[in-house]
Structure formats: structure tokens, C-alpha cells
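Scroll down for the structure; my scribbles are underneath it.
These numbers come from the heavy atoms of this one structure, side chains and all, not from hydrogens, waters or symmetry mates. By convention in this document, chain letters (A, B, ...) are assigned in the order of the sequence lines, proteins followed by strands, and residues within each chain are numbered from 1. Since the structure is predicted, the reported quantities are computational estimates derived from the model, not experimental observations.
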Amino acid sequence: MIKVRNLTKSYVRNKALDDVSFTLEDGDILGFLGPNGAGKSTTMNIITGYLSSDEGSVEIDGTDIMEEPERAKKKIGYLPEVPPLYNDMTVQKYLEFMFRLKKVRLPMKEHIFKICEMVKITDVQDRIIKHLSKGYRQRVGLAQALLGDPPVLILDEPTVGLDPQQIIEIRKLIRELGKEHTIILSSHVLSEVQAVCDKIIIINHGRIAARGLTAEMTRTGDSTQRLNLVIEGKNTAVKALLSRIDGVSDVMDKGECEKGCYEYTVDCKKDVRRLIFRAIARSDFSILSMSPVGVSLEDTYLDIISGKTEEED
Amino acid sequence: MSAIFKREFVSYFTSPVAYVVLAAVMFFSGIFVWVQCLYVGTSDMSSVFQSMFFIMLFVIPLITMRLFSEDKKQKTDQALLTAPVSIAGIVSAKFLSALLMLLLCLCSFIVDGVALSFIGYPDWSVIIGNVFGMVLMGAALAAVGIFVSSLTESVIVAAIVSFAVNVLISLLDTVASTMPVAFLKNFVSSLSFQTRYGHFALGLFPLSDIIYFASVCLVFLFLTDRVLERRRWA
């Protein structure tokens with residue numbers, strides 16, 4: 001659906017993008033991660049045809065954005081970093097304008113109403129955009145991107161400025177949209193990318209620093225790695241008991257967390273949760289909590305950004 | 001394209017611009033009609049148009065100042081440039097909305113003419129010739145204003161610069177008299193908007209002047225198109 005090949009873009013002083021390539025299939029949701037100024041917005045601006053690349057090509061559903069811009073642009077809904085809103089218009093008039101600008105061929109009133117329902121802005125449809133709060137402005141921006149049901153959605157930090165409940169709703173909406181649309185979204189919020197996207201690209205200094213499936217990059221739920229435990233009972237005895245369990249490679253005592261209760265971190269070679277449960281249950285001690293610790297996306301991200309890991313290709 | 005045209009034209013009226021511009025044109029044309037027609041007892045409006053020439057130099061930058069600068073500042077240019085419309089389409093839509101606004105302003109001369117016809121016999125060929133000349137000259141000045149507007153993010157800078165440019169190209173004939181060679185003198189004078197416009201004020205419709213204003217229009221609209229295209233490569 002989206003083919004990005006060898007994008008390179010230089011500004012006067014610095015190289016904004018250096019040989020960025022990736023391919024997305026129908027229904028993929030790609031998360032773009034990276035520090036400020038890494039080239040996320042530049043990439044999105046090139047994909048949508050707002051900027052030109054120095055080298056490389058972008059193909060949307062088989063149409064090259066440079067060669068047939070008008071045809072390719074029809075297939076894209078774009079929410080830029082700053083929502084492109086006309087402050088002097090009402091939400092309804094603005095969406096009608098964008099509807100016509102995008103040459104959408106659907107019944108206008110119903111379509112706009114349906115999208116306003118989706119992003120929950122029906123209550124402000126007659127208000128002037130200038131007077132809207134940040135959260136509403138963001139959602140109006142999202143609404144204009146959705147106009148005409150384009151097969152490709154490019155969303156630059158879609159949840160910025162929303163309150164926690166709205167963030168959850170918009171994420172749900174994006175996941176829902178992902179069933180029928182190909183989506184690229186950028187974000188600073190790692191948990192957001194983790195929650196919404198199936199693929200992740202980490203971009204740093206204009207280059208792709210890492211890429212992969214979200215599941216691969218996070219490895220949460222893989223409980224054979226490390227466990228966090230809180231156990232009531234004398235710590236030396238508990239530690240000795242835990243160490244004797246088959247499969248446990250290391251036990252770290254992290255100190256008393258409540259009166260008489262200690263926290264432990266257990267490294268193990270296989271899934272030992274049931275064994276630990278039975279061993280503790282047979283003794284006088286009690287397990288107060290047990291939780292697997294996965295390698296979080298945060299760890300991966302920080303490793304890559306600080307330069308510890310380099311991409312293999 | 002029609003969406004942009006409509007939006008721009010409506011937005012003149014959601015902001016004070018349309019009212020200020022229309023009020024200014026009506027106020028000054030009213031004053032000039034009073035002083036130069038009613039007071040001296042003539043229904044010949046040609047001197048009114050001579051005076052209004054300078055008012056239009058002020059008014060047109062107000063009409064064109066925000067067409068591109070505001071879009072750039074508010075980042076709404078991202079919506080326009082990522083929509084399935086060509087840059088030429090965007091430029092011409094904005095130009096046409098400015099032109100329609102200008103035509104609306106020029107209607108006040110028709111009103112003046114009608115008012116005069118109740119008490120005298122205004123020469124309609126002079127009025128129509130002048131309005132026609134002003135449409136052409138105004139279109140050329142609007143194209144210049146749009147070009148200037150595409151160069152800056154500041155509405156104020158766009159207004160001031162295009163006003164300065166307007167005054168300069170309109171008064172080139174005064175510069176012409178200082179030229180040492182007759183050839184240069186004629187050339188510079190022929191570029192002057194005032195010289196060109198003067199022909200229409202006399203009730204003439206010289207084809208060369210029509211072509212001149214039309215080409216200035218096209219050149220500056222083309223330059224605007226290039227500016228926007230170039231920005232993508234910046």
C-alpha cells in the first residue's frame with residue numbers, strides 16, 4: 001500500500017533524512033518513534049507530498065506522489081503536527097470546505113456527521129474554531145484527515161493535547177480504523193505506539209535506527225525472563241528456598257517493602273511461576289505478588305537512541 | 001479550486017477586511033464625487049477616477065495581504081498543498097477571490113454614476129471605460145500583492161511591501177522624466193501603470209494596454225506558483 005524507497009532530504013545545514021525505506025501492506029499500523037528533530041515529520045511531509053525529497057520515491061497504492069500528485073493525494077488523509085485549521089470558520093463550515101477541497105464524492109452532510117460522531121465533536125460543530133480548546137482542535141484536525149475515507153492515514157502525533165480519557169478513545173478509534181486503513185502515526189509516547197501499532201520504526205538523526213514488529217521489540221508477556229515477587233517471611237530463608245527451585249538462575253533481594261515482606265527479582269531460564277507458587281505454599285511463607293518483567297519498548301528505545309544498539313542492515 | 005475560491009471570498013466578510021475596504025472606497029469616491037462633481041457643478045466623473053487611482057493603490061494590498069501569508073503562518077498551507085489540487089489551482093482560486101472583492105469595490109462607482117444621473121447627465125462611456133481600466137489595473141496590482149504575500153509569513157509586511165511596489169510601478173512615469181536617453185524614457189514610461197491607466201480614463205480601450213495588464217497578471221501569478229513550488233524543495 002505504501003512503498004517508501006531511499007528517501008533523502010537535506011536542509012541548508014543538515015541532513016534531515018538519510019536513505020529511509022520501508023513498505024507497508026494494507027491494514028498495517030506503523031508507529032514512528034524518535035526524539036524531536038529525528039525526521040519523523042519530514043518523512044510524513046514527504047509521503048503526503050507537502051515537501052519534496054532530494055532522492056527516493058514514495059508510492060501510495062501504486063501511484064507515485066511526485067509523478068501523479070493529485071491522484072496520490074486523494075488516497076491520503078493527513079493530520080500534520082499542527083492541525084491545519086482556519087480559525088475564522090466554524091467546525092461544520094471548515095469540514096465542508098475540506099470535503100470540497102478533497103473532492104470527496106459522498107453525500108456531504110451525512111459523511112461529515114458520521115465523522116464528527118467518530119471523533120466526538122458533534123457538540124462543537126457550530127462553534128468557531130478559534131474558540132476551541134487544544135483537545136477539540138486536535139480532534140477537528142483528525143476529522144479532516146478522515147474525510148472521504150482515504151485508504152491511507154498519516155497522523156503526526158494524533159493524541160497531543162488530549163486528556164487521558166480522550167487519548168484512550170482516540171487510540172481505540174485508530175485501532176478500529178486500522179482494520180480498513182493503512183496508518184502511519186508518530187508519537188513521543190512509547191506506550192501509545194505499543195498499544196496501537198503492529199509495526200515500529202525508530203528513527204534517529206534522519207536514519208532508521210531499528211524496525212520490527214511491536215511484539216518482537218517489546219517481548220512483554222514472555223515470562224521466562226524475569227519475575228518480580230513480594231513474599232512475606234524471613235528474607236534469607238525465602239531467598240534460599242527460591243534459589244533451590246529448578247530453573248532459577250539468580251535471586252536478588254531488593255529489600256523490605258512492607259513490614260515483614262521482601263521484594264525479590266528472580267531471573268530464570270524457563271517458566272517457573274507454578275514451581276515458585278507450590279514451593280512457597282508448602283512453606284510458611286506467602287506470596288503477596290508475582291509479576292513478570294518484560295523488556296519494555298522503553299528499554300529498547302533508549303538503547304537505540306543512546307546508540308547502544310545499531311541496526312543490523 | 002472552487003472550494004478555495006469560496007472560502008477566501010467568504011473569509012473577507014468574516015474578518016473586518018471586506019468592510020474596511022468597501023467603506024474606504026465608498027467614502028473616498030463619495031468625497032471626490034462631492035468635491036469634483038457636485039461642488040463644481042459637473043457630471044463629468046473622469047477627475048474622480050484620477051483621484052481614485054491612488055486610493056486603489058492603498059486598497060488592493062489590503063485585499064491581497066493575507067491570501068498566502070496567513071496560510072503559511074497558520075500552517076493551513078499544509079491542508080491546501082496536501083489536497084488533490086494543483087498549486088496553479090490554489091493560486092488562481094485565491095486570485096479570483098481577490099478579483100471578485102475588487103469588482104465589489106468598483107461597484108461603488110456605478111452607484112455614484114447612477115446617483116449623478118438623477119441630477120445631471122454623466123458620460124457612461126467614461127464611467128465604464130474607467131471601471132474597466134481599474135479592473136485590469138487592479139487585477140495586475142492584485143497579482144503583485146499575491147506574489148508579495150507568498151513571500152512572507154507576516155500579513156503586515158505583505159501589505160506594506162505590496163503597497164510600496166504598487167506605488168513604484170504606478171509612478172514609473174515620474175521616474176521616466178529623469179532618464180537621460182529618449183529610448184529609456186519611453187521604455188520606463190510605458191511600464192508605468194499610471195500611463196497605461198490614463199488611456200482608459202480618456203475613454204479609450206487600447207489593446208496594447210489590455211495585453212500589458214494581462215501579462216503583468218500572468219507573470220506575477222506564475223512567480224507565485226514558483227515560490228510555492230520552490231518552498232517544497234527548501
Within a radius of less than 6.0 Å around [atom1] of [X], do more than 12 heavy atoms belonging to other residues, nucleotides or ligands occur?
{"X": "A/His205", "atom1": "NE2", "result": "no"}
{"X": "B/Trp34", "atom1": "CH2", "result": "no"}
{"X": "A/Lys103", "atom1": "NZ", "result": "yes"}
{"X": "B/Phe58", "atom1": "CZ", "result": "no"}
{"X": "B/Phe205", "atom1": "CZ", "result": "yes"}
{"X": "B/Arg226", "atom1": "CZ", "result": "yes"}
{"X": "A/Arg207", "atom1": "CZ", "result": "no"}
{"X": "A/Lys130", "atom1": "NZ", "result": "no"}

Do any of [range] have a heavy atom less than 4.5 Å from a heavy atom of chain B, and if so, which, in residue order?
{"range": "residues 46-63 of chain A", "result": "A/Thr48, A/Gly49, A/Tyr50, A/Leu51, A/Ser52, A/Ser53"}
{"range": "residues 81-95 of chain A", "result": "A/Val82, A/Pro84, A/Leu85, A/Tyr86, A/Asn87, A/Asp88, A/Met89"}
{"range": "residues 138-162 of chain A", "result": "none"}

Taking only heavy atoms into account, what residues of residues 73-91 of chain B are found under 4.5 Å from chain A?
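The residues closer than 4.5 Å to chain A, in numerical order, are B/Gln74, B/Lys75, B/Thr76, B/Asp77, B/Gln78, B/Ala79, B/Leu80, B/Leu81, B/Thr82, B/Ala83, B/Pro84, B/Val85, B/Ser86.
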When rounded to the nearest 0.5 angstrom, what distance separates CH2 in B/Trp233 from NZ in A/Lys9?
7.5 Å
Rounded to the nearest 0.5 Å, what separation is found between the CE atom of B/Met1 and the CZ atom of A/Arg100?
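The CZ atom of A/Arg100 is 15.0 Å from CE of B/Met1, to the nearest 0.5 Å.
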Less than 4.5 Å to any heavy atom of chain B: does that hold for the side chain of A/Tyr78, its backbone, both, or neither?
side chain
With a 4.5 angstrom heavy-atom cut-off, could you sort out which part of B/Ser11 is near chain A: side chain, backbone, both or neither?
both
